[in-house]
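Worksheet: one structure, shown below.
Any value given below was found using the heavy atoms of this structure, including those in side chains, with hydrogens, waters and symmetry copies removed. Here is the naming used below: chain letters follow the sequence lines, and residue numbers restart at 1 for every chain. Not measured: the values here are computed from a predicted model.
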Amino acid sequence: MGSIIAVGASWGGIHAVGVVLRGLPADLPVPVVIAQHRREDGGPSRMAETLGRRSAFAVVEASDKDVLEPGRAYLAPPGYHLLVERGSVSLSTDDYVRFSRPSIDVLFESVASAYGEDAVGVILTGASDDGAEGLASIHHVGGVTIVQEPSSAERRTMPDAALATGKDHRVLQLDEIAPFLVKVCA
Amino acid sequence: MADERRPVRRRDVEAVELDLLAEGIHEAYGFDFRQYSRPSFQRRVWRRVDAEGLHTITGLLERVLHDPDALQRLLTELSINVSAMFRDPGFFRVFREKVVPQLRTYPFLRVWNAGCATGEETLSVAILLKETGLYDRTRIYATDMNEATVNQARTRAYPIAKMREYTANYIAAGGTRSFSEYYVADGERVVFQPSLADNIVFAQHNLATDRSFNEFHVIMCRNVMIYFNRDLHERVHALLYDSLAHFGVLGLGARESIDFSGHSAAYETVDEDERLYRKIA
Ligand SMILES: C[S@@+](CC[C@H](N)C(=O)[O-])C[C@H]1O[C@@H](n2cnc3c(N)ncnc32)[C@H](O)[C@@H]1O
C-alpha cells in the first residue's frame with residue numbers, strides 16, 4: 001500500500017505533473033514529493049503555484065524539515081536536492097547529480113530507503129536519463145513503480161531510460177496515472 | 001549506483017549499520033555524525049562505500065577504524081562547505097533595508113556568523129556593514145567546526161574565476177561601490193582587503209557540542225542546520241536563541257524554516273522570504 005508518491009519530471013514536466021496532480025482527490029491520504037528539473041537563477045518562481053492550479057492538492061516549495069502531510073505536494077526548490085526521511089523532508093546542497101539539482105535519482109533513492117515497499121515512484125516526460133536508477137531502487141525495495149508511456153510523453157528520453165533498466169515498471173498513459181495512484185494509495 | 005552491485009538493501013539492517021558507523025567514528029575519533037540528517041548522511045556513506053570498492057556500510061566501518069586515510073576520505077565526503085559571497089543576494093538586500101536601520105541605534109554591535117565555512121559569508125557581511133557605516137563599531141565572530149575551513153577563511157583568498165558570479169551577487173545585493181575595490185588580484189586568486197578583517201574574529205566552534213560564548217545582536221546561521229537531524233536542529237536553535245540579545249536578529253538559509261524549532265513563537269518575522277527573524281520573547 002502506497003504511503004508516499006514520488007514524481008520525477010524534466011522537459012515538459014510542468015504540464016505532465018499538473019495533469020497528475022489534478023487527478024488526485026484532496027482526501028488521498030498520502031503526501032506527494034516532486035523533483036522537477038528547473039532553472040536555478042531567476043528570482044521568485046511561480047512553479048508551485050502553477051502546478052497547484054486546479055489541483056485539490058496544496059503544492060508548496062519544500063523547506064528543510066517540513067513535515068510531510070497528506071493532501072500536500074512538496075516541490076524541490078531550485079538548487080537543492082529534495083530527500084525524505086519517514087515523515088519529513090530534508091534538503092541538501094550536495095553536488096549536482098547527472099548535472100541536476102534537484103536530482104530525481106537522489107529523491108527516489110531516499111524515498112526507497114525511507115519507505116521501502118510503501119513507496120510509489122512515477123517517472124514522467126523528460127530529455128534526460130535522471131530518475132532511471134532511482135525508480136529501479138524503488139522497484140528493488142518492493143515499491144510501486146510507474147513510467148509514463150514513452151510515445152505519449154513530450155520528451156521520451158526519460159521514460160525510455162527508466163524502462164531500459166529492465167525492471168517491470170507499469171507503463172501508463174498520462175491520464176491513467178492519477179487513477180492508478182488513487183487505487184494503490186487509497 | 002546501480003543497485004545490482006549492492007546486496008539486498010534491507011532497510012532495517014541498513015539503519016543499524018549507519019548507527020554503528022556513526023557510533024564507531026565517534027568512539028574512535030571523536031567526530032560526531034550521530035545527529036546528522038539521515039538521508040544525506042546515508043547517501044554520502046554509500047558513495048564512499050562504492051568509491052572504496054566495498055559492498056556494505058559495515059565494510060566501510062571496518063576500513064575507517066583500521067585505516068586513518070580511509071577516515072580522512074570519508075570525512076571529506078561528509079563535509080560540505082560550499083559557499084559563495086552574497087549567496088542569495090536578496091538576503092543581503094533585505095538585511096540592508098530592514099535590519100541595518102535597527103542596528104544603527106546600537107553603540108556597539110556583535111555579529112555571529114555560525115558555520116562560516118571558508119569565510120565568503122563573513123566577508124559579505126563585513127562589506128555590507130562597511131558600506132552602511134557600521135563596521136567600525138562591530139565585532140564579527142566567524143566560527144565553524146571545521147578548523148581547515150576557518151584557516152582558509154583567514155586568508156581572505158578566493159579563486160579569481162569566482163569574481164564574476166560574486167560581483168553579480170554583490171550588485172543584486174544592493175552593493176553601492178565597485179566590487180573590485182575590495183580585492184587585489186594575485187595570479188589565479190584574489191585577496192580581499194586586510195582591513196575587512198580588522199573586526200573579525202575567526203575561531204573553531206562546534207554547534208553540536210560547544211556552548212554559547214557571548215550575546216549577539218545578529219546571528220547568521222545559514223545552510224548549516226539543514227545537515228542536522230531534528231534533535232540536533234532543535235538543540236542548536238536553543239543555543240542560538242540563548243545567544244541572541246533581546247530584539248536580536250536571526251538569519252537562516254533560504255530554504256530553512258523556523259517553524260519546527262520549538263522557538264518559533266519567540267521570534268517575529270522581519271522578512272519571511274529571506275528568512276530573517278527578530279527575537280521578541
Ligand atoms: C554549506 S556550509 C554553509 C556556509 C555558509 N554559512 C553559507 O551559507 O554559504 C556548511 C558549514 O557548516 C559547518 N558545520 C557543519 N556542522 C557544524 C557544527 N556542528 N558546528 C559548526 N559548524 C558546522 C560545515 O563545516 C560547513 O562549513
Could you list the donor-acceptor pairs under 3.5 angstrom formed by side chains in residues 2-31 of chain A, with sequence neighbours left out?
| residue | atom | partner | partner atom | Å |
| --- | --- | --- | --- | --- |
| Ser10(A) | OG | His37(A) | ND1 | 2.8 |

With a cut-off of 3.5 Å and sequence neighbours excluded, list every side-chain donor-acceptor pair involving residues 171-186 of chain A.
| residue | atom | partner | partner atom | Å |
| --- | --- | --- | --- | --- |
| Glu176(A) | OE1 | Gln173(A) | N | 2.8 |

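Using a cut-off of 4.0 Å between Lys/Arg side-chain N and Asp/Glu carboxylate O, Arg44(B) and Asp94(A) are scored as salt-bridged. Of the charged side-chain nitrogens involved, none lies within less than 4.0 Å of a carboxylate oxygen, so that Glu120(B) and Lys162(B) do not count as a salt-bridged pair. Under 4.0 Å is where a charged nitrogen must lie from a carboxylate oxygen, and between Asp88(B) and Arg222(B) at least one such pair does.
Contact count against chain A (heavy-atom pairs under 4.5 Å) is highest for Pro39(B) among Pro89(B), Ser40(B), Ala254(B), Pro39(B). Highest contact tally toward chain A, considering only His233(B), Arg38(B), Glu256(B), is held by His233(B) [criterion: heavy-atom pairs under 4.5 Å].
Contact of Asp105(A) with chain B is not made at all, since no heavy-atom distance falls under 4.5 Å. Residue contact with chain B, scored on non-hydrogen atoms closer than 4.5 Å, involves the backbone of Ala62(A) exclusively. The contact between Ile226(B) and chain A is made by backbone and side chain atoms together, counting heavy-atom distances below 4.5 Å. Val84(A) touches chain B through its backbone: at least one of N, CA, C or O sits under 4.5 Å from a heavy atom, while the side chain does not. Contacts of Thr93(A) with chain B are made by both backbone and side-chain atoms, with heavy-atom separations under 4.5 Å. Interface residue Asn229(B): only backbone heavy atoms are found under 4.5 Å from chain A.
Taking the six-membered ring wherever Trp is involved, the centroid distance between the rings of Tyr36(B) and Tyr227(B) does not fall below 6.0 Å.
With contacts defined as side-chain heavy-atom distances shorter than 4.5 Å, the pair Asn206(B)/Phe31(B) does not qualify.
Between Ser128(A) and Asp130(A), the shortest heavy-atom contact is OG-N, 2.8 Å.
Applying the ring pair (Phe, Tyr, Trp, His ring centres under 6.0 Å) test to every pair with at least one member in residues 146-176 of chain A, sequence neighbours left out, gives these pairs: His139(A)-His169(A).
A donor-acceptor pair shorter than 3.5 Å can be found between the side chains of Thr122(B) and Asn113(B).
Within residues 90-100 of chain B, no residue has a heavy atom under 4.5 Å from a heavy atom of chain A.
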